[in-house]
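What follows is one structure encoded as structure tokens, with my remarks underneath.
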Amino acid sequence: MTVKDQTSTTGAGGEIHQQSGGDVPAMTTQVGAPVSDDQNSLKAGRRGPTLIEDQAFREKIFHFDHERIPERVVHARGYGAHGYFETYENISDLTCADLFQRAGEKTEVFVRFSTVAGSKGSMDLARDVRGFAVKFYTKQGNWDLVGNNIPVFFIQDAIKFPDLIHAAKPEPDADIPQAQTAHDNFWDFISLMPESMHMVMWIMSDRAIPRSFRFMEGFGVHSFRFVTAEGKSQFVKFHWKPKQGLQSVIWDEALRINGADPDFHRRDMWTAIQSGDFPEWELGVQVFDDAFAEQFDFDVLDATKIIPEEILPVRPIGRMVLNRMPDNFFAETEQVAFQTGNVVPGIDFSEDPLLQGRNFSYLDTQLKRLGGPNFNHIPINAPRCPFHHFQQDGHMAMHNPKGRANYEPNGWGGTEGGPRETPEGFKTTPVAVEGKKERIRSETFADHYSQARQFYISQTEVEREHMADALIFELSKVKTKAIRVRMLSHLLNIHDDLASAVAKGLGIKEMPAPAKAALPTRTDLVESPALSILKNGPASFAGRKVGILVTEGSDVALVSGIADAAKAEGAMVQFVGPLAGSVTLSDGTELVLDEMVEGAPSAIFDAVAILPAADQVEMLAKMPAARDFAATTWAHYKFCAHNDAAKTLFTKAGLPDGLDSGFVAAEQADDFIAACRKLRFWPRAMAA
Ligand code: HDE
């Protein structure tokens with residue numbers, strides 16, 4: 001509805017105060033009554049007081065007061081995107097799940113990535129597990145694969161989840177620290193929970209500081225079940241593999257990025273999708289039967305264990321493309337309700353006690369967060385296929401069936417009688433269950449260290465160093481010495497090198513005795529290269545970002561040479577200058593800058609080019625932020641294209657005289673981009 005142009009009332013807007021008319025809709029109340037004045041509340045007399053009679057004012061304030069819903073207890077900070085899943089081939093030999101029956105079929109998906117510990121406004125680069133939750137809107141109902149970017153979990157039994165999360169969150173008296181596990185409570189709990197040691201290796205690795213959501217793997221974690229139409233059931237583990245390759249930042253970068261751009265991961269996803277560079281993952285499965293499961297000492301129902309890909313390869317069954325950002329963050333990303341209980345015929349649960357507990361928790365938590373039992377009526381949660389049931393009423397009911405039948409059985413027959421059961425419906429696998437009813441942990445869950453060790457030995461030297469550094473950083477924030485020592489006693493059961501490095505970093509001279517273990521650590525488990533990020537780097541530099549530092553008068557041929565080579569590779573380019581605005585290049589063209597160097601540390605780029613004009617470099621070198629830009633390019637083992645003039649900046653920034661071959665002459669733009677495919681010049685780290 002539109003109303004005629006009106007004269008502005010006094011109030012906000014100044015010269016650009018706009019009125020409705022033409023394509024600009026008229027502002028209304030919630031129930032559609034047009035509003036004539038949104039600047040002034042109704043007053044008795046020019047100077048007040050305000051009258052309670054003002055229904056439009058009261059409605060506006062009332063609604064504002066209730067804008068917040070409880071944030072998620074865990075995974076509060078998240079970012080979502082829409083897309084589709086495309087099935088590669090019919091896999092009816094494995095499952096009758098409808099979405100996997102037809103090659104080329106596309107199923108709509110919504111994905112929400114998240115951190116776990118921080119609250120909704122926390123920064124993106126926290127050292128943390130990332131949530132990787134996918135809602136498939138299949139023709140047979142919604143299937144939610146609510147996974148993480150790490151394939152194991154801290155605990156084996158859901159009953160310990162509240163303790164784990166209490167320990168990880170800010171300590172309850174001081175309410176610090178935010179979005180960090182580097183504090184006494186967390187490590188106190190962890191050091192008393194040997195079952196968490198495998199997961200501890202993962203969160204102390206670079207997996208916990210991904211470069212972006214686009215460059216991380218996802219895992220269903222638990223063993224689930226695939227079931228065929230004939231009722232044949234096998235275990236299945238789900239894996240998401242990013243087509244973009246794996247990549248993480250290093251810890252010092254994470255700290256800087258959190259300051260420069262706390263929304264780094266959000267911005268990355270937003271920018272990639274908005275610019276048409278759609279991220280893609282392959283969904284793969286490890287499918288195995290009971291006989292296969294029995295060959296292991298560990299239990300496939302134990303969520304602290306993996307089956308190495310080298311033993312059971314991951315079979316790709318489809319791909320997921322994310323190609324659309326939500327229209328509204330709250331409506332979609334905030335209100336989306338994932339539930340592990342949302343499975344479809346052909347996919348079933350296992351008896352994993354963590355999964356069993358989750359099946360209760362996710363349904364329960366939605367009632368609190370979304371305020372009633374009808375959260376599946378919200379468009380982001382509603383199935384895209386037809387649905388019929390006799391559940392009714394309650395807060396905010398949107399789908400209210402017509403007709404008299406609201407119970408079953410009923411004798412009304414035909415369509416009047418409403419929906420009935422179907423032979424194609426979900427069937428639980430008739431798994432044999434035996435034994436006494438008791439509160440007990442199976443002895444098959446008792447090996448806490450062997451796979452932790454296997455993860456550690458599967459890493460490159462650089463990655464092992466990062467793990468030791470992460471442990472030293474985290475434990476340095478732990479003030480209680482007994483907790484540090486207790487952690488060391490566990491590390492001794494994992495690997496002596498790791499324990500010694502951490503002891504050294506913490507200044508602990510006397511090694512404690514190794515922790516008492518329910519089972520001794522197996523030292524015969526062989527390396528699994530699939531567990532290392534650096535052994536699985538990308539083949540291309542596509543999707544990455546080059547920062548080009550320029551000044552007034554920078555050489556246009558060098559600037560465009562690097563920019564063109566980067567773009568040809570599919571990488572993004574951003575221009576950084578000493579000040580905001582623009583610079584005039586050597587040929588007089590005006591280059592609009594994306595950032596000024598004070599707001600754009602080199603940490604936000606995957607590689608940089610430093611191309612000052614010779615008569616500007618002294619001025620640049622006087623700027624602490626510019627010196628820092630050069631110094632961190634070196635310190636973070638980045639590739640750098642540069643001209644001769646840049647050497648003045650390098651010297652002032654404290655870089656060594658003899659630069660290494662990670663520093664490339666800017667004329668060699670193609671060689672530079674080819675080098676960037678390795679993402680970092682690791683030999684510099686090894687030489688340090
Ligand atoms: Fe969650 N978890 N979780 N979790 N989880 C939630 O559900 C819970 C676990 C995961 O983007 C909550 O809707 C219990 C493992 C993701 O909206 C809550 C246990 C894995 C998300 C909950 C676990 C996850 C959640 C909070 C131990 C990896 C975010 C809000 C038994 C496989 C989904 C909500 C999103 C969210 C409970 C353990 C992944 C409280 C009780 C293991 C990705 O219900």
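Just so you know, ligand 1 is whichever comes first in the structure, and atom 1 is the first atom listed for that ligand.
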(request) Check each atom of ligand 1 against the heavy atoms of T365 and keep those under 4.0 Å away; list them by number with element. (result) 7 (O), 13 (O), 30 (C), 34 (C), 44 (O)

(request) With heavy atoms of G131 as the reference, note each atom of ligand 1 found under 4.0 Å away. (result) 43 (C)

(request) List every atom of ligand 1 that sits less than 4.0 Å from any heavy atom of A158, numbering the atoms from 1 in the order shown and giving each element. (result) 31 (C)

(request) Please confirm whether F132 and W281 have ring centers closer than 6.0 angstrom. (result) yes

(request) State whether the side chain of K241 and the backbone N or O of G284 hold a donor-acceptor pair below 3.5 Å, judged by distance alone. (result) no

(request) Flag the pair F113 / Y79 as yes when their ring centroid distance falls below 6.0 Å, and as no otherwise. (result) no

(message) Please report whether the ring centroid of F110 lies less than 6.0 Å from that of Y84.
(response) no

(request) Report, in ascending order of atom number, the atoms of ligand 1 lying under 4.0 Å from any heavy atom of R112. (result) 11 (O), 17 (O), 35 (C)

(message) Taking the ring of F238 and the ring of F224, is the distance between their centroids below 6.0 Å?
(response) yes

(request) Kindly identify the option in F161, Y79, F113 whose heavy atom sits closest to atom 27 (C) of ligand 1. (result) F161

(request) Answer side chain, backbone, both or neither: which part of Y362 comes under 4.0 Å from ligand 1, heavy atoms only. (result) both

(message) Could you tell me if the side chain of M467 sits less than 4.5 Å from the side chain of Y456, heavy atoms only?
(response) yes

(message) More than 12 heavy atoms of other residues, nucleotides or ligands under 6.0 Å from CD1 of I311: yes or no?
(response) yes

(message) Out of all atoms in ligand 1, which are within 4.0 Å of some heavy atom of G147? Include the element for each.
(response) 28 (C), 32 (C), 43 (C)

(request) Assess the pair F219 and W240: is the distance between their ring centroids shorter than 6.0 Å? (result) no

(request) Check each heavy atom of V221 against ligand 1 and say whether those closer than 4.0 Å belong to the side chain, the backbone, both or neither. (result) side chain

(request) For this output row, return yes or no: ring centroids of H399 and F387 closer than 6.0 angstrom. (result) yes

(request) For residues D157 and R439, determine if any side-chain heavy atom of one lies less than 4.5 Å from a side-chain heavy atom of the other. (result) no

(message) Is T340 close enough to atom 1 (Fe) of ligand 1 that one of its N, O or S atoms comes in under 2.8 Å?
(response) no

(request) Consider every N or O of R72 and every N or O of ligand 1, then say whether any pair is closer than 3.5 Å. (result) yes

(request) State if Q366 counts as touching ligand 1 under the rule of any non-hydrogen atom under 4.0 Å. (result) yes

(message) Return the closest protein heavy atom for atom 28 (C) of ligand 1 as residue, atom name and distance.
(response) N148 ND2, 3.2 Å

(message) Among all the protein's non-hydrogen atoms, which is closest to atom 25 (C) of ligand 1, and how far away is it?
(response) H75 CD2, 3.1 Å

(message) At less than 4.0 angstrom from any non-hydrogen atom of S361, what atoms of ligand 1 do you find?
(response) 18 (C), 22 (C), 37 (C), 40 (C), 41 (C), 44 (O)

(message) With a 3.5 Å distance limit and no angle check, can you tell me whether S275 reaches the backbone of T271 through a side-chain donor-acceptor pair?
(response) yes

(request) Out of Q335, Q156, R358, K135, indicate the one that has the non-hydrogen atom closest to atom 15 (C) of ligand 1. (result) R358

(message) What protein heavy atom lies closest to atom 33 (C) of ligand 1? Include the residue and the distance to one decimal.
(response) F338 CD1, 3.9 Å

(request) Number the atoms of ligand 1 from 1 as they appear, then name those within less than 4.0 Å of a heavy atom of L354, with their elements. (result) 27 (C), 31 (C), 42 (C)

